[in-house]
Amino acid sequence: MKKSYLFSFLMLMALSFLQSCGSGQENITTPQQLVSDGQLVSLQIDSQTSNVSDGLVPFQDENGSWLFNVNQSNNELQLYNLDSRTLVKRVIFDLEGPEGVEYISGIHVQSMDSIFLFGYPMRNLQLTDTSGSIKANYKYEPPLGYLAAFVHNAHYNYTPILRGNKLLVNTKFEADQIKVADDTLASKALSYTVNLENSEVNLLPMTWPAGYNASGPKLLDFSMAATEENLVYSLAADHNLYVTDLDGNFIKSVDAKSQHVDQSFSSFADGTDRFQTMKYVYASDRYERLLYDEYRGVFYRFVFSKVEVQNEEEINQLRRFPRKFAVMILDKDLNVLGETLMPENTYYPGNSFVNEDGLFISISHPDNPGNKEDLMSFEVFKLEKIE
């Protein structure tokens, strides 16, 4: 058992913590917009797979372009080849036993031979590969007052980072987010590392910014994207983007306000009853996904504008399928290059990802006439210079 653990650890030590951006990376600094020719990339799915995924993770290697699909209802991973648009592998994990995986909330693909499985809130953390064999089963205790590593590959998202034997993960802290005071929030970290050799955990120095809850408690969700040099945090109710080094040491904040949201954000304090609270959570201004496009050297920040709703039925629709959103384009220094407003009731932004062909956004919205239940389909958006 010790030899097996040592082998897994040495293998991890040998892996690079970030994929190279490649010599073909562009340095885009001019005004841009996202455009599409309307052509779709469609993947055939079976009756046990929803075309609204629990999480999608792209991966590129010398053998082609791949897409991992997390199917939580089956406790499985599916691997698609995006070049041939075919399902090439499905791995279903047992819930119990020596090869058991209690729950898959999200994954991180370091390589085809090194795939991390995360469970939230139960703290399972395993290392597997495309064969489904469990190579290592890591045990860790979150820092006092914090919860398990929060890895989800849809909605608010981020990519864990492996550096040497330390895995950087984002986290939530133990609290009722409706009641968190600003001074308390400003002491709470956003991320910690898990030492895969000895299970030590260490909080990163980056915390929630002072003033975030000054006008009342707000959504405590965030996304994070990483370049080869920095981490960039995007908070749900904050126009700023926060930049740190890879150790979480604060470098700067950058004002990156969307033109499609108000200057000030509403808060939980505005929710006087259940309906008003749900309206705040699902129908108010907010920032969600932050994706880094390593092929073009830009960030995409997904923005959700407030919408008017009259009843809980409309709220329930918004819980999964936002009515409208925009995608901001920012250069590597976080200068806003442009912002593309997407047509309403057309896309499912929670299933979006980047590969060398562009920004893929799912069309699996129930009001989209092109949506088909047996297909997972994406429209591919490319950058176009604004003259």
Side-chain angles (χ1 to χ4, degrees), residues 105-106 118 120-123 140-152 154-158 168-194 201-225 231-244 248-250 252-258 261-290 301-304 306 315 318-319 322:
S105 62
F118 296 85
Y120 181 88
M122 48 280 296
R123 302 202 307 268
Y140 72 98
E141 289 290 333
L144 185 64
Y146 290 83
L147 302 175
F150 185 73
V151 180
H152 199 287
H155 305 293
Y156 298 93
N157 67 294
Y158 77 100
L168 190 157
V169 296
N170 286 351
T171 186
K172 296 175 178 286
F173 58 91
E174 295 176 342
D176 181 349
Q177 66 174 326
I178 296 179
K179 300 177 181 178
V180 178
D182 190 66
D183 56 349
T184 299
L185 182 63
S187 69
K188 299 300 183 182
L190 296 168
S191 310
Y192 59 78
T193 58
V194 179
V201 294
N202 286 289
L203 292 169
L204 268 62
M206 177 63 189
T207 63
W208 286 85
Y212 186 84
N213 269 0
S215 60
K218 299 178 180 66
L219 284 172
L220 299 183
D221 289 304
F222 65 95
S223 293
M224 186 266 279
L231 310 177
V232 181
Y233 292 90
S234 173
L235 314 182
D238 193 332
H239 302 302
N240 290 336
L241 290 168
Y242 296 87
V243 184
T244 77
N249 297 303
F250 178 77
K252 65 179 179 178
S253 63
V254 179
D255 186 358
K257 181 185 179 302
S258 165
V261 296
D262 292 338
Q263 181 62 43
S264 60
F265 292 90
S266 56
S267 84
F268 278 108
D270 301 324
T272 55
D273 56 27
R274 171 184 161 84
F275 175 72
Q276 291 298 325
T277 298
M278 292 176 66
K279 181 179 176 180
Y280 164 68
V281 173
Y282 299 111
S284 61
D285 289 337
R286 65 194 183 279
Y287 296 99
E288 282 198 12
R289 299 174 73 73
L290 181 69
R301 193 184 198 189
F302 285 64
V303 186
F304 296 82
K306 64 182 175 184
I315 289 288
L318 288 176
R319 292 178 73 167

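In what follows, every heavy atom counts, from backbone to side chain, and hydrogens, waters and symmetry copies are set aside.
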Could you check whether any side-chain heavy atom of [X] comes within less than 4.5 Å of a side-chain heavy atom of [Y], counting everything from C-beta outward?
X: Val254; Y: Asn240; result: no
X: Tyr192; Y: Tyr140; result: yes
X: Pro142; Y: Val194; result: no
X: Ser234; Y: Phe222; result: no
X: Val281; Y: Leu219; result: yes
X: Phe304; Y: Val261; result: no

Could you state the interatomic distance from [atom1] ([X]) to [atom2] ([Y]), rounded to the nearest 0.5 Å?
X: Leu190; Y: Met224; atom1: CG; atom2: CE; value: 9.0 Å
X: Ile315; Y: Tyr280; atom1: CD1; atom2: OH; value: 13.0 Å
X: Asp238; Y: Lys257; atom1: CG; atom2: NZ; value: 12.5 Å
X: Thr244; Y: Leu231; atom1: OG1; atom2: CG; value: 3.5 Å
X: Arg274; Y: Lys279; atom1: CZ; atom2: NZ; value: 15.5 Å
X: Trp208; Y: Asp182; atom1: CH2; atom2: CG; value: 11.5 Å

Is there a donor-acceptor pair closer than 3.5 Å between any side-chain N or O of [X] and the backbone N or O of [Y]?
X: Arg289; Y: Phe302; answer: no
X: Tyr146; Y: Leu203; answer: no
X: Tyr158; Y: Leu290; answer: no
X: Ser105; Y: Tyr120; answer: yes
X: Thr184; Y: Val180; answer: no

Using the test side-chain contact (heavy atoms from CB on, under 4.5 Å), find all partners of Ala210 that sit at least two apart in sequence or belong to another chain. Ala186

Applying side-chain contact (heavy atoms from CB on, under 4.5 Å) to Gln177 and not counting sequence neighbours gives Leu220, Phe268

For the student: nearest non-hydrogen atoms of [X] and [Y], plus distance:
X: Ala236; Y: Tyr156; value: CB-OH, 3.8 Å
X: Ala148; Y: Thr171; value: O-OG1, 4.0 Å
X: Asp285; Y: Phe265; value: O-CD2, 3.7 Å
X: Val303; Y: Ser258; value: CG1-OG, 3.5 Å
X: Pro217; Y: Ser267; value: O-CB, 3.0 Å

Between Asn202 and Thr193, a side-chain donor and acceptor under 3.5 Å: no

Check the pair Tyr233 / Ser223 against side-chain hydrogen bond (donor to acceptor under 3.5 Å, both in side chains), numbers first and verdict last. CA-CA 6 Å; Tyr233 292 90; Ser223 293; over 6 Å; no

For His239, what residues pass the side-chain hydrogen bond (donor to acceptor under 3.5 Å, both in side chains) criterion, not counting sequence neighbours? Tyr287

Results of side-chain hydrogen bond (donor to acceptor under 3.5 Å, both in side chains) for Asp262 - residues two or more places apart only: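 Lys306.
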
Contacts of Arg286 that satisfy salt bridge (Lys or Arg N to Asp or Glu O under 4.0 Å) - sequence neighbours left out: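 Expected list: Glu288.
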
Would you call the rings of His152 and His155 parallel, tilted or perpendicular, where under 30° means parallel and over 60° means perpendicular?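 Taking His155 first and then His152, their aromatic rings sit tilted (interplane angle of 30° to 60°).
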
Please list all pairs passing the side chain to side chain donor-acceptor pair (under 3.5 Å) test where one or both residues lie in residues 212-221, with sequence neighbours left out. Lys172-Asp221, Ser215-Lys218

